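Everything on this sheet refers to the single structure shown next.
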Amino acid sequence: KGIVEGRGVGELGSMSSDEQMPVGGELFSEDEQLLRKASVTLRSLSVECLLHLCRVPEGGHFEEVTLEPGDSLGIKEGCLPVLLEGSLRIQDGSPHGRVLSAPVALCEADFLGLAELSTTISEAEALETGLGCRLKVLSKAAFQEVLEMHQDDAKTFDRFAREAAVLASPGGEFARVQESAGRRLLAFLQAGPIFTNCERNFIAELWAQAEGLLLGPGDELDAGVESSAESPLYVVLAGRVQIEGAYGAVLRYAGPGEVLGAAACFGLEDAGQEVMKATRGRPAFCAKLPGQVVAAMLHANPESMVKLQVATSAQLAADENSAATRCRWLTEVAVPALEKTPLLNGCPEEFLRSMAGPLSEVAFSEGDVMASCGETADSMLIILEGLLALESKSGVKIGCLGPGGIVGEPEVLGLMEHRTVTATAMSPGRVIRVSSEDLGRALAEPSAEALQEGFRQLLAGRRKQVTANQPLASLLTLRPNVLDEDVGAHLLALRAERLPLEPGVRWQPSPDSDPCGPRICVVVRGRVVLEVSDDRSEDLPVKPGSVIPEGLPASYGAGFRAVSSDCEVYRIRSFDLLAAAHTEAQAPDWFYQVKILMTEARNWLASRLQNAKHLALSRVPHPTDERIRAYAEKKKKSMKQAEDMKQQMADNYVGSKLPLLPPKRLGTTAFRSWGDAASAHPLAKQSGGYPAAQGAAFSALRLKKSRSDPTLKLRGAYRLPKLEMRRGVQALAL
């Protein structure tokens, strides 16, 4: 199924490249670790190739040799002896020889077909005072036989040998610079920026005193150099050397023919300003000139000294500009891109800078296949520019990713060994490739101890999800053991992100426009609410077993909040769900059950969120509320004033109709005075016998409308009896 149970970047971060490394659930044995530490050749091999050498067939291709104290060892041509225990004395021209202590490899340059690194060793002797020696010897024929079975390793060593042969004759000494390879080296140096103005004879005499230096992946060139007077001069003959600045940032790479360390060697900068080391995965071969040799030659040729310092100063300025550009790219592009990934979001900036140091961007064109389903991979792709179309194993198109999207998170964690989707470029663009080695190297820094524990817990949690088939096992009602045999269910469990939730923790759902694509929130258990407003008055409880597309609540600005302490919530990318479901031509039953749950949750949420949104909007203050409220108050006041005026007019005007009786508050005396006043009034005849409400009779005629007889408003038959009564009252008044 491609899931590596015992391998993970959490373990890689706690050890160096020369120490134990988990592979497929197993560790290198003690002898295998010593072999890697002692030999540049073996350290440059891939893990699979080294295990093949050491274990297949039974006992591997190494011949074990044991020496008693004082025994001699004859070294055959074309063999690689590796001292694992004890010490050996070899003859190097000194009176007492040189002592080598384990672990160390002998005659490695001759084994690889390189120029001589030092005096050829034909015999070695175990020290008489020791406990003896134990060696393992690898023949050239066995090494080539295994390389043929591992094409990538074979290409690496074939290219390495060809590059070295161009500038240094195999099996020869560097003093023989007049041979064809030596002449090519002199031509490279004279055409370069450092020695361009120097005489050819001076260059030949200087580099005739060089010695070879073989570096394994990650080995430093000038480790241990403390002063500029001791700083050596290097020229790269084969492989590549990377120059690092602060935080491990790779400033540039140096290939065959390039000179390194000139500024420190000529006294223009302090030693140790830059770190020079062989690139990962490949050995490097360099020619080394000790600092004392260079100082003596320059003392004898002061004119050449001035020329070299001028040329080196110009090259140093160009390198500084290049370093500034590189640092600006790391700060503005690489670190922000790493920080935005779900895997590394929230990590300290120092850790991200350390991780971004060796990274570089890769350009692609339309139609390029950036990842192929089923291929071996241990890296993650971060898209900086362009679009990548994703396709599942069965050929179903599952979507596309834009800038900020990632492919291969389980691979960089060491949980998967193969790609599960195919990514094809839909337009030109750029990506950053982050390998598990980059992540492990950053985790190995002393300042990342807390992150190491976090990544260990992450890996343990993902493996536990695969074992328990979560979150599908808690959502669906399937036959027992159905998910145990489903590869797609395991892939989905491996990619599901479980949220660490405590009561009161709130998290924001991601919109469908997220760079990593739409996401799905799966609530397995616990109490979770969906907050629609800040005052929590419209909180919607989310029942366990819900499968919620996060784009819907995100469009309403809603957020999830954990209420209970037993919340178990997972987030899944839609692309991962489709890729897991379409590993086969026919999608499994659980995929359709998940789609039904998503549809139910979407319909329920759409109506509830719409209502909650409108209710919340009705409570939101409006800019014109004050003016509307002032207008309403003004209108109410005007209406009251109008009502009062209307009432006053009704009270002050009687007209031709008189009430049946005067107000009770006037009493009977007022009634008589009212009758006398009415009969004597000169305007009584103008109103048909009814006196107008004028002068002294005004107070007697004042009567509220509400107390009038309601029958006065009636017409027809209902009015006749009242008219007769009025006539009687009129006669009485007259």
Side-chain angles (χ1 to χ4, degrees), residues 8-10 13 333-349 351-352 355-356 359 371 377-384 388 390 398-416 419-421 423 431-436 438-439 442-443 448 450-452 454-463 465-466 470-471 491-501 505-523 548-551 553-554 559-560 562 568-580:
V9 74
V333 178
V335 173
L338 293 175
E339 189 177 12
K340 292 178 182 178
T341 61
L343 179 63
L344 302 173
N345 187 19
C347 291
E349 183 179 358
F351 171 78
L352 295 176
M355 185 176 175
L359 301 182
D378 65 345
S379 61
M380 173 177 68
L381 302 179
I382 304 176
I383 304 174
L384 299 178
L388 294 182
L390 302 182
I398 59 178
C400 64
L401 293 175
I406 61 172
V407 177
E409 181 180 296
E411 289 88 319
V412 76
L413 288 174
L415 294 172
M416 293 287 297
R419 298 287 190 200
T420 56
V421 295
V431 298
I432 294 179
R433 190 182 301 271
V434 183
S435 68
S436 58
D438 296 325
L439 183 56
L443 287 173
L451 289 175
Q452 290 180 22
F455 273 92
R456 288 193 185 96
Q457 294 179 5
L458 173 63
L459 296 174
R462 294 290 178 91
R463 296 190 185 106
Q465 290 172 199
V466 175
Q470 292 291 358
L491 291 178
L492 187 63
L494 196 64
R495 294 178 179 272
E497 176 189 359
R498 180 174 179 177
L499 301 181
L501 299 177
V505 174
R506 190 180 189 275
W507 75 97
Q508 194 68 24
S510 60
D512 291 340
S513 59
D514 188 83
C516 293
R519 282 190 173 90
I520 302 168
C521 178
V522 181
V523 181
I548 302 174
E550 293 190 3
F560 294 99
E568 185 175 351
V569 180
Y570 296 87
R571 300 179 76 185
I572 304 171
R573 295 194 309 169
S574 296
F575 298 154
D576 293 336
L577 175 64
L578 294 173

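Predicted model only: the values in this text are computed from it and were never measured. Basis for what follows: all heavy atoms, side chains included, without hydrogens, waters or symmetry-related copies.
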- Could you tell me whether E550 and R571 make a salt bridge, using a distance below 4.0 angstrom between a side-chain N and a carboxylate O? yes
Closest non-hydrogen atoms of P549 and P553, given as atom of the first, atom of the second and distance, are O-CD, 3.1 Å
Q.
I'd like to know if the side chain of Q452 and the backbone of L443 have a donor-acceptor N/O pair within less than 3.5 Å.
A. yes
* Asked: Can M380 and R433 be said to form a side chain to side chain contact (heavy atoms under 4.5 Å, CB included), step by step?
  -> CA-CA 6 Å; M380 173 177 68; R433 190 182 301 271; over 6 Å; no
(Q) I'd like to know if the side chain of R498 reaches the main chain of L458, judged simply by a donor and an acceptor atom lying under 3.5 Å from each other, with no hydrogens or angles considered. (A) no
| Derivation of the side chain to side chain contact (heavy atoms under 4.5 Å, CB included) call for L492 and L577 | CA-CA 6 Å; L492 187 63; L577 175 64; 4.0 Å; yes
Measuring only between side-chain heavy atoms, which start at C-beta, is I548 closer than 4.5 Å to F560?
yes
On the 0 to 90° scale, with breaks at 30° and 60°, tag the F455-F351 ring pair as parallel, tilted or perpendicular. tilted
Side chain to side chain contact (heavy atoms under 4.5 Å, CB included) test vs V407 passes for just one of V421, T420, I382, namely V421
Here the gap from I383 atom CD1 to L401 atom CG, rounded to the nearest 0.5 Å, amounts to 5.0 Å
key: Steps toward side chain to side chain contact (heavy atoms under 4.5 Å, CB included) verdict (L343, V412)   = CA-CA 10 Å; L343 179 63; V412 76; 3.9 Å; yes
In terms of heavy-atom contacts, G404 and C516 come closest through O-SG, 4.1 Å
Between L338 and the options L439, V434, V333, the side chain to side chain contact (heavy atoms under 4.5 Å, CB included) test singles out V434
Heavy atoms, side chains only, cut-off 4.5 Å: are E497 and Y570 in contact? no
In short, W507 meets A562 closest at the heavy-atom pair CZ3-N, 4.0 Å
P410 and R495 have their tightest heavy-atom pair at CD-NH1, 3.4 Å
OG (S435) and CG (D378) are apart, to the nearest 0.5 Å, by 6.0 Å
Distance col, row I406:CD1 vs L344:CG, nearest 0.5 angstrom, shows 8.5 Å
Side chains of Q465 and R463: donor-acceptor distance under 3.5 Å anywhere? no
Smallest heavy-atom separation, F575 atom then P518 atom, equals CZ-CD, 4.3 Å
N/O donor-acceptor pair under 3.5 Å between D514 side chain and P511 backbone = no
**Request:** Inspect the surroundings of CD in Q508 and state if more than 12 heavy atoms from other residues, nucleotides or ligands are less than 6.0 Å away.
**Result:** yes
Separation between CD1 (I520) and OG (S574), nearest 0.5 Å, reads 4.0 Å
May I ask you to test the C521-I572 pair for a side-chain heavy-atom distance under 4.5 Å?
no
ask   = Looking only at side chains, do R419 and S379 share a donor and an acceptor under 3.5 Å apart?
value = yes
So CG of L384 and CD1 of I432: to nearest 0.5 Å the spacing works out to 4.0 Å
Here the gap from E409 atom CD to R573 atom CZ, rounded to the nearest 0.5 Å, amounts to 7.5 Å
Heavy-atom closest pair (A579 atom, I398 atom, distance to 0.1 Å) is CB-CD1, 3.9 Å
